[in-house]
Number of protein chains: 2
Amino acid sequence: MSNALEVAQIAGLVGEPARANMLLALGDGRALPAGELAACAGITAPTASEHLARLEQSGLLISIRQGRHRYYRIASPEVATMLEAVMVVAAGNPPRMERFRIDPELQLGRTCYNHLAGQLGVAICDALIRKNCVVLDGDVAHVMPAGLQFLSNWGVDVGRMGKHPYCRTCIDWSERRPHLGGAVGIAIHKRCLELKWVEHHLDSRALKITRAGRLGLERVFGIIGLAR
Amino acid sequence: MSNALEVAQIAGLVGEPARANMLLALGDGRALPAGELAACAGITAPTASEHLARLEQSGLLISIRQGRHRYYRIASPEVATMLEAVMVVAAGNPPRMERFRIDPELQLGRTCYNHLAGQLGVAICDALIRKNCVVLDGDVAHVMPAGLQFLSNWGVDVGRMGKHPYCRTCIDWSERRPHLGGAVGIAIHKRCLELKWVEHHLDSRALKITRAGRLGLERVFGIIGLAR
DNA sequence: CCCACGCTTCGGTGGTGACCGAAGCATGTC
DNA sequence: GACATGCTTCGGTCACCACCGAAGCGTGGG
């Protein structure tokens, strides 16, 4: 069965402490830069780069370049499922490991390196598409004239951010829907913080949507019914 | 996260072609002896022995000694799930691998090295327990006087099989219920063949239950409602 | 335009582990 | 009791690969 070779290859990628560390660090759906993953694994940048390249080539991770950083994330729900299944076995049946699922705390809103992710990030992205403010095109998003106007009215000056990663889409495996990254995504996040629509919770990733935020999101973006 | 070490250890066990071959060969719930697994993997007995010992020690496989053979099988549904999850990733998303589930052909009845397994094996074991013919005790089964009588009436002389592996229980991960192995299990299988209650199907593992078999199983054992 | 920073590529080193042959042990068979 | 069979243990060999330092490349900031 030549199949066993492929199985062994995939499992072998996970079967190395440094790589396992990196994969587990990405387990909550975040995208992390190579350098940080190297630190997680306790190895130097060259070694990490080698590992990450192999993980990407084999389809376990995907990466996007953003400036001089390169963000890696889990490639698909299938990969997440596999990692979870390995964790279940690794934990031994009795102790009954906590699952490799996204923390409920993070499900609603979280930051994905400076921009909004989770259900909130997806909802905002959807709203902007519905309003013809942005148009998705692969992994980039084009901000339409209506979008410039809309965001400007809301207090985000998108006009004078000339840098390359203008507006990108970003998908993590836990939500299978895109949210907005890039400079525009970062600006939206910043504005939400200014308006106190969201506030950072516990650690720096989880976001709490405030009462004002719920009202504002409904009034400005037409977003209703976000899970509590 | 020390957890990553354990994850890597488990995944690393699968991440070796020889071991992956052996695990996949056991994927349909059978129990196979070490020598046969060595052949599956294309390695010599010493190497296979080493691998199998590690797989058992880590809880991926369990083994029973039976005479001078040692039968290995998948230790738990969790392990099977993990292997399946790895196969899904290994196959790449597009080709959509056939699942690591028991062949439906084998679900109803199959042989587990000379004795009956699958739903049929479990049903017979249940019936004998219900009739107070056997009592399970860990991985051995005691045949009660009523059982000697019952089996003798049915045409199986259990009295003069004095060998060690008299009657054992055997659980494969696909059915989570025991069936009978050992000399008694083998004799039952043999008698079913003599009576033409079952016949071998396609390859040598899948069993077909004949019309006479359904009638007989109901009349003698009180077994009804086996899936078609 | 130059420097700082993050990532990648390149060689070279060291340790781990897969593998086998030979010998040993247990079990079943004649 | 002697032999065959199946598995295990033991040593030794070899290949692979994780790892790092140094150098190279591209991007962003001053």
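Everything numeric in this text was worked out from a predicted model, so none of it was measured. Every chain is numbered from 1, with letters handed out A, B, ... down the list of sequences.
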Report summary line: To the nearest angstrom, the CE-P distance between B:Met22 and C:dA18 comes to 10 Å
Report task. Give B:Ala18 one of three labels, base, sugar-phosphate or nothing, depending on what nucleic acid heavy atoms sit under 4.0 Å from its own. Result -> sugar-phosphate
Query raised in the report: Hey, does B:Val184 have a side-chain heavy atom less than 4.5 Å from the side chain of B:Val156?
Result: no
Report task. Count the heavy atoms of every other residue, nucleotide or ligand shown that sit under 6.0 Å from CD of B:Gln57, and state whether that count exceeds 12. Result -> no
Query - Closest contact, heavy atoms only, B:Leu32 versus B:Ala25 - result: CD1-O, 4.0 Å
Report summary line: When rounded to the nearest 0.5 Å, the distance separating NE2 of B:His189 from CG of B:Leu180 is 13.5 Å
Requested in this report: Starting from the C-alpha separation in whole Å, work towards a yes-or-no answer on side-chain contact (heavy atoms from CB on, under 4.5 Å) for B:Cys125 and B:Leu128.
Outcome: CA-CA 5 Å; B:Cys125 182; B:Leu128 291 173; 6.0 Å; no
Query raised in the report: In whole angstroms, how far is the P atom of C:dT9 from the CZ atom of A:Arg70?
Result: 9 Å
Query raised in the report: Please give, in whole Å, the distance from C:dC7 P to A:Tyr72 OH?
Result: 9 Å
Query raised in the report: Is any side-chain nitrogen or oxygen of A:Arg54 closer than 4.0 Å to OP1 or OP2 of D:dC17?
Result: no
Query - Proximal nucleotide (of D:dA18, C:dT8, C:dT29) relative to the B:Arg68 side chain - result: C:dT29
Query raised in the report: Mind checking whether A:Leu120 and A:His179 have side chains closer than 4.5 Å, heavy atoms only?
Result: no
Report summary line: Given the options A:Ile188, A:Leu195, A:Leu193, A:Arg191 meets side-chain contact (heavy atoms from CB on, under 4.5 Å) only with A:Leu195
Query raised in the report: Angle, rounded to 10°, between the helical axes spanning five pairs at each terminus of the helix from C:dC1-D:dG30 to C:dC30-D:dG1?
Result: 30°
Query raised in the report: How long is the gap from CG on A:Leu55 to CG on A:Leu26, to the nearest 0.5 Å?
Result: 9.0 Å
Query raised in the report: Where do A:Leu148 and A:Val143 come nearest, in terms of heavy atoms and distance?
Result: N-CG1, 3.9 Å
**Report entry** B:Gln9 CD - C:dT16 C1' separation (whole Å)
**Finding:** 14 Å
Query raised in the report: Among C:dT27, D:dC19, D:dC7, which is the nearest nucleotide to the side chain of B:Arg65?
Result: C:dT27
Report summary line: Taking for A:Ala53 and for A:His69 the nucleotide of DNA chain C with the nearest heavy atom, the one nearer the 5' end belongs to A:His69
Requested in this report: Could you state the atom-to-atom distance from CD of B:Glu16 to P of D:dC16 in whole Å?
Outcome: 13 Å
Query - Value in whole Å for how far the P atom of D:dT8 lies from CD of B:Gln57 - result: 13 Å
Report summary line: Numerically ordered, the residues 38-52 of chain B set in heavy-atom contact under 4.0 Å with DNA chain D is B:Ala45, B:Pro46, B:Ser49
Report task. Give the rounded distance in Å between these two atoms: CD1 of B:Ile64 and P of D:dC7. Result -> 13 Å
Query raised in the report: Given atom CG of B:Leu55 and atom P of C:dA18, what is their separation to the nearest angstrom?
Result: 10 Å
